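Quick caveat: nothing in here was measured; it's all calculated off a predicted structure. Computed over heavy atoms, backbone and side chain alike; hydrogens, waters and symmetry mates excluded. Here is the naming used below: chain letters follow the sequence lines, and residue numbers restart at 1 for every chain.
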Protein chains: 2
Amino acid sequence: MTQTPIDTPTQTPPGAEVRWLDAEQQAAWRALLTGTSVLFEALGRDLEHGTGLSLHEYEVLVRLSEAPGRVLRMSVLAEELVHSRSRLTHTVSRMERDGLVSRCSSSQDGRGVDCMLTDAGMARLEEAAPVHVASVRRRLIGALSREQLLDLGVAFNQIDDAVRAHRS
Amino acid sequence: MTQTPIDTPTQTPPGAEVRWLDAEQQAAWRALLTGTSVLFEALGRDLEHGTGLSLHEYEVLVRLSEAPGRVLRMSVLAEELVHSRSRLTHTVSRMERDGLVSRCSSSQDGRGVDCMLTDAGMARLEEAAPVHVASVRRRLIGALSREQLLDLGVAFNQIDDAVRAHRS
DNA sequence: AACGAGTAGTTGAACGTTGTAGTAATGAGG
DNA sequence: CCTCATTACTACAACGTTCAACTACTCGTT
């Protein structure tokens, strides 16, 4: 059923022949690709249906709730969430319109903007958290042994480090 | 720095107290969340810059190239890629406009539509594959031991199964 | 053979994201 | 103290995705 799609690799820059993935590597990579899609789709749907928040909005609330004074610079927030600045601006604008966060220009650095969690935002987070935690337990944690979960954490930290190192 | 954001969980439906995640589970889940964002962002950018294809478009090409006759029903393709039907329709419409695939209504079932990889699409895939494989090697495979990678594949297959089982 | 229920795919509008510019504030060098 | 480079964020437009109809076909009943 699965025939090799490509057996004559085209040339890459100078003389660098590409080593293809073997069957096991292929399968693992494919499982990661599909598994993450299925997982995040399910988590997003659970949260959306249960609380009206998207995963991204929820993450914004979480990060702010953990910050001292419940305040973070927009750029720091963008960095933590791995979002573009532009994307974060839009997301935060919507959340500000809904009263979950508020913005004011930073006192330290006139260029910066501070984003603060409002009481309403905190209340919304407290309401959403049990729904989300239950969802994560059911979809992710329940599917793995404790060791598998922790190994998975280690692996993704390594991946994260590798990717960031490769473009500094 | 990281204070507990929520210590008084609100009530969930009937008497079901939520068990919170312990610190290790939290850390693992957070690593997964951030790691996948960083990884897919990097893979997407590598591919986009190197070939002008998005990861999604690339996956469409791959699945078609592996199918017998390089043809798949739209619904099968949507299922494999974990995309909504509507999303796939839009994506395929753009790809058809660019000459990478073609569509014709299925001879078996008048409701169905077959999507076929064109020669141009196959050529485009052969051109993109080495770029993508190199990227996956660099970002993902190079960051892990072989065993870690295979374990990761196993874990995501379990997650996939669990999620799908929970909504059949 | 005609109905209704169900399935397959498309459409269009609303929404969210990305990329490209643009504005504003800081800070180093002349 | 003025410029130029840098950093921080926002605005706008192009693009992609989602959601809710809508069309078209199939299949099991009656």
Side-chain angles (χ1 to χ4, degrees), chain A residues 36-38 40-49 52-60 64 71-98 100-116 168, chain B residues 36-38 40-50 52-61 64 71-98 100-116 168:
Chain A
T36 51
S37 294
V38 168
F40 286 114
E41 196 275 332
L43 294 177
R45 215 165 27 74
D46 287 346
L47 190 63
E48 189 83 51
H49 285 207
L53 290 170
S54 74
L55 267 180
H56 296 316
E57 292 166 334
Y58 181 82
E59 272 303 305
V60 170
L64 287 176
V71 173
L72 280 178
R73 281 284 282 275
M74 289 291 281
S75 54
V76 173
L77 199 46
E79 171 68 20
E80 286 195 9
L81 298 173
V82 197
H83 286 196
S84 68
R85 284 158 198 280
S86 167
R87 178 182 182 177
L88 184 64
T89 296
H90 287 300
T91 302
V92 166
S93 297
R94 286 188 296 271
M95 294 177 73
E96 188 173 37
R97 186 200 55 202
D98 298 345
L100 303 177
V101 302
S102 64
R103 273 180 295 191
C104 57
S105 67
S106 168
S107 37
Q108 332 293 333
D109 183 340
R111 294 168 298 183
V113 172
D114 283 339
C115 182
M116 184 172 69
S168 55
Chain B
T36 52
S37 291
V38 168
F40 286 114
E41 196 276 332
L43 293 177
R45 215 167 26 76
D46 288 347
L47 190 64
E48 189 82 51
H49 285 206
L53 290 170
S54 74
L55 267 181
H56 296 316
E57 292 167 334
Y58 181 82
E59 272 303 305
V60 170
L61 297 179
L64 288 176
V71 173
L72 279 178
R73 280 283 285 273
M74 289 291 283
S75 54
V76 173
L77 200 46
E79 172 68 19
E80 286 194 8
L81 298 172
V82 197
H83 286 198
S84 68
R85 287 158 196 277
S86 163
R87 178 183 182 179
L88 184 65
T89 295
H90 287 302
T91 302
V92 165
S93 296
R94 288 187 295 270
M95 294 176 74
E96 188 172 37
R97 186 201 55 203
D98 298 345
L100 302 177
V101 301
S102 64
R103 271 181 295 191
C104 56
S105 68
S106 167
S107 36
Q108 332 292 333
D109 184 340
R111 295 167 298 181
V113 170
D114 283 338
C115 183
M116 186 172 67
S168 54

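- Nucleic acid contact for A:His83: none, since no nucleic acid atom lies under 4.0 Å from a heavy atom of the residue.
- Between the NE2 atom of B:His56 and the C1' atom of C:dT18 there is a distance of 13 Å, rounded to whole Å.
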Using nucleotides 25-27 of chain D, report all nitrogen or oxygen pairs with the protein that are shorter than 3.5 Å.
from	atom 1	to	atom 2	distance (Å)
D:dT26	OP1	B:Gly110	N	3.0
D:dT26	O4'	B:Arg111	NE	3.4

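- No donor-acceptor pair under 3.5 Å is formed between the side chain of B:Glu41 and the backbone N or O of A:Val82.
- Counting non-hydrogen atoms under 4.0 angstrom, A:Thr91 reaches the backbone sugars and phosphates but no base.
- Backbone-only engagement by A:Ser84 is indicated by non-hydrogen atom pairs under 4.0 Å involving sugar-phosphate atoms exclusively.
- Scanning atom types as modelled, one donor and one acceptor separated by under 3.5 angstrom connect the side chain of B:His90 and the base of C:dG12.
- As a whole-Å value, the separation of B:Leu72 CG from C:dG9 P is 11 Å.
- Among the protein residues, A:Thr89 comes within range of the nucleic acid bases, having at least one heavy atom under 4.0 Å from a base atom.
- Summarising the geometry of B:Glu57 relative to B:Met95, their closest heavy-atom pair is O-CE, 3.6 Å, with the distance given to 0.1 Å.
- Separating the CZ atom of B:Arg87 from the C1' atom of C:dG16 is a distance of 13 Å, rounded to the nearest angstrom.
- Counting only distance, with no hydrogens or angles, the side chain of B:Glu59 and the backbone of B:Leu81 share no donor-acceptor pair below 3.5 Å.
- Rounded to an integer number of Å, the gap from CG of B:Leu55 to P of D:dT17 is 11 Å.
- Residue B:Ser93 is classed as having no contact, given no heavy-atom separation below 4.0 Å to the nucleic acid.
- Summarising the geometry, the separation between CG on B:Leu81 and C1' on D:dT17 is reported as 15 Å, rounded to the nearest angstrom.
- For the helix from C:dA1-D:dT30 to C:dG30-D:dC1, the angle separating the two terminal helix axes comes to 10°, with each axis derived from five pairs and the value rounded to 10°.
- One atom, CG of A:Leu88, and another, P of C:dG16, lie 14 Å apart when rounded to the nearest Å.
- Regarding B:Met95, its CE atom lies at a distance of 16 Å from the C1' atom of D:dC15, rounded to whole Å.
- Using a 4.0 Å heavy-atom cutoff across all strands shown, B:Arg103 reaches sugar-phosphate atoms only and no base atom.
- Spacing between atom CG of B:Leu77 and atom P of C:dA8 amounts to 14 Å, rounded to whole angstrom units.
- Nearest nucleotide to the side chain of B:Arg94, out of D:dG16, D:dC12, C:dT11: D:dG16.
- You'll find that the side chain of A:Val113 is closest to D:dC9, out of C:dA8, D:dC9, D:dT18.
- Residue B:Ser86 is classed as a base contact, given a heavy-atom separation below 4.0 Å to a base.
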